**Student:** 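Have a look at the structure that comes next, please.
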Amino acid sequence: MKSGCVSREVKKQRSIQLPVLKNPPVQESGIRKSRTSRWRAAALITLNLLMIAHIIQWRIMGTTISPIEPSETMHTLQKGAINAGFIFFALAILATLILGRFVCGWGCHILALQDFCAAMLKKVGLTPKAFRSRLLIYVPLIGALYMFVWPTVYRAFFSPEPGPLIPTFTNHLVTSSFWETFPSVAVAIPFLFICGFMTVYFLGSKGFCTYACPYGGFFMLADKLSPGKIRVTDACNQCGHCTATCTSNVLVHAEVKQYGMVIDPGCMKCMDCISVCPNDALYFGFGKPTVAIPKSNAIKRSYSLTWPEEIVGVIVFVGSFLAIWDVYQLVPMLMALGWATITTFLALRTWRLLRTKELSFYRFNLKSSGLIRKAGWGFLSLAVVWIGLNAHSGWVRYHEYEGNRAFQKIQIPDELALAQVNPDPWLSPIDRENIVAGRNHFQATADLGLFVNTEALPKLAWFEYLSGDAEQSVQSLEQAAARQQGQAKALSLYYRGTILNRLGRYEQARTSLDQALAERPDLILAREEKGESLWQLGRKEEAISVWSDAVLRNERLVLANNQLAGAAFSMGRSEEAIALEKRADQFTPDDPFYHWMIGLRLQNLGMNNLAEKHFQRAIELDPGFEARRTGRPQ
Ligand code: SF4
Ligand code: SF4
């Protein structure tokens, strides 16, 4: 008896009994139909229905259990937020350590999608063919390490502000922001099409699991340690039905012959091989794990790529992934991984199409006798469009990256830049350089990009404002706010309102600031600005009320206390004004820039005496500020 094999008697004691049909149907190929595939389909359909029910319950009730999605584990590892996704992932890895990759085969919605797509393709006579690469197989593990290990390593050893290795844990099992970490529906649809249909069509039935799924990276490792395996008895006659049926591209007959069990970590324990075996030679049982198998025993496998192709494939994959990931702030990592595998496949096939005399794909003859056929031209067209789109995304991504870099390097504080309509006198040479570079980069993506990057647009607006183009900046912020939600929208509207105040368009400013506060009532800066709009519109009591409200929320607000003091002075309420001024001074940082900024803001409101006090203090702290008086608005 081979290592890992057990007799039929032992099998009876240790195997898990599967539900069986009395007369299993036989397909045209002579291979039995799997009896377990229906059970698995039922499990996966139930899973999808439960997911839909979860979303509906959240939409109706407003709060729900946090997403049961492995990616949520990142928040646990980085911020200590214990959520349902983390618990699910931890339990799934634990279960895989014992039983093997059952969770993948019976409990993953992306796998369900791939199975559905494979079934659809089969209906039109296209049986997905497995793409076999030696190197790309490591993508899931690298993805998993990047998602779940690298953030902790970075925080502990490389971050400029190192944090603890283990964060402080907090309870995030219930949430009202269920969709916060998910892509929008507009992104989810192409995501499902690419990661489901396209990966299956080009890379095989489990194309996404094999070459892109980062969770699979950890499940594969756990599977290697698990004692639960598909095992064989001596009834096997090497007919190969199991291998022909396996949609995970496992050489079942060869592995059970060599090792007495299936050791390929791609096995998702779907049980189809057990079900179709005409000799009932396979069973699920416990015994030696894969790691106990000597490496010298490895089965020789055939691959889809030559070694040079493998190396080119890795380069194409990395380039494609970096080009597409997060482009337009839209493409999530998993989608980028799926996209990059398809780019790699198309690039390598195109290369082969151009180099070889004969090439086919599925039943399509792409090239014969050195001539590219109709289907070949169709394939080439698809490849050119796909790779061209990828290259364009890379170009956009480059400009976004450089634009963001320039944005990070801007030194002028926002409050100071916003204190007067033209911040030019306050810009350092480094600022000027980065403003020109950043504006050009973001403008290029805005002009020639295929989608609007809602995070880049407010940054472009900021560069426009710093360049002295306040009108254009107001327009860009309006466009950004129209596409944003929540905090991001509130900030765009706040900046727009602030710039409108500086431009003297107070009614428009007030409307914009009201909209910002409707999104985020806790945005105190917007209250200070709204008070300014109202004051300039002559609605002084309302302005005082808004500033008072801001101070009630935070009594340390220097500007709002000063604004209230200025208002009290202007109304002859000196005692109250002095008390407010005192409170403001108590919290004012003794920084010349800060004093100058407060001076400018008070001067805008006509509160000149108070303003002068801050200008003088700035000059006392730094006599160089005297020369800046020329930069003050008149
Ligand atoms: S395990 Fe069963 S299906 Fe697979 S080769 Fe052996 S007899 Fe055939
Ligand atoms: S080896 Fe068997 S159980 Fe594993 S994935 Fe293939 S058919 Fe399913």
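We count ligands from 1, going down the list as the structure has it; atoms in each ligand are counted the same way. Because the structure is a prediction, the values reported are computed rather than measured.
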**Student:** Is a donor on one side and an acceptor on the other found under 3.5 Å between the side chain of Ser66 and the backbone of Leu173?
**Tutor:** yes

**Student:** Distance under 4.0 Å to a non-hydrogen atom of Met268: what atoms of ligand 2 satisfy this?
**Tutor:** 4 (Fe), 5 (S)

**Student:** When the aromatic ring centroids of Phe131 and Phe345 are compared, is their separation below 6.0 Å?
**Tutor:** yes

**Student:** Below 4.0 Å, non-hydrogen atoms only: which portion of Ala235 touches ligand 1? Side chain, backbone, both or neither.
**Tutor:** neither

**Student:** Of all the atoms in ligand 2, which lie at a distance below 4.0 Å from a heavy atom belonging to Lys269?
**Tutor:** 3 (S), 4 (Fe)

**Student:** Considering the heavy atoms of Pro278, write down every atom of ligand 1 situated less than 4.0 Å from one of them.
**Tutor:** 3 (S)

**Student:** Distances under 2.8 Å only: what protein N/O/S atoms are near atom 4 (Fe) of ligand 1, ordered by chain and residue?
**Tutor:** Cys242 SG

**Student:** State plainly whether the residues Asp115 and Lys206 are in salt-bridge range, i.e. N to O under 4.0 Å.
**Tutor:** yes

**Student:** With rounding to the nearest 0.5 Å, note down the distance linking CZ in Arg35 to CG in Asp272.
**Tutor:** 10.5 Å

**Student:** Does Phe284 have its ring centroid less than 6.0 Å away from the ring centroid of Phe102?
**Tutor:** yes

**Student:** Which heavy atom of Ser176 sits nearest to which heavy atom of Thr63, and what is that distance?
**Tutor:** CB-CG2, 3.8 Å

**Student:** Which value, rounded to the nearest 0.5 Å, describes the distance between Met120 atom CE and Leu126 atom CG?
**Tutor:** 12.5 Å

**Student:** Which residue supplies the protein heavy atom nearest to atom 8 (Fe) of ligand 2, what is that atom called, and how far is it?
**Tutor:** Cys270 SG, 2.3 Å

**Student:** Which of the atoms of ligand 2 are close to Ser248, meaning less than 4.0 Å from one of its heavy atoms?
**Tutor:** 5 (S)

**Student:** Which residue and non-hydrogen atom of the protein lie closest to atom 6 (Fe) of ligand 2, and at what distance in Å?
**Tutor:** Cys246 SG, 2.3 Å

**Student:** Validate the cation-pi geometry between Arg134 and Trp307: distance from NZ or CZ to the six-membered ring centre under 6.0 Å, angle to the ring axis within 45°.
**Tutor:** yes

**Student:** Under 3.5 Å, is there a donor-acceptor pair linking the side chains of Thr343 and Ser320?
**Tutor:** yes

**Student:** Do Thr243 and His253 get their side chains close enough for a donor-acceptor pair, meaning under 3.5 Å?
**Tutor:** yes

**Student:** Tell me: protein heavy atom nearest atom 4 (Fe) of ligand 2, and distance?
**Tutor:** Cys267 SG, 2.3 Å

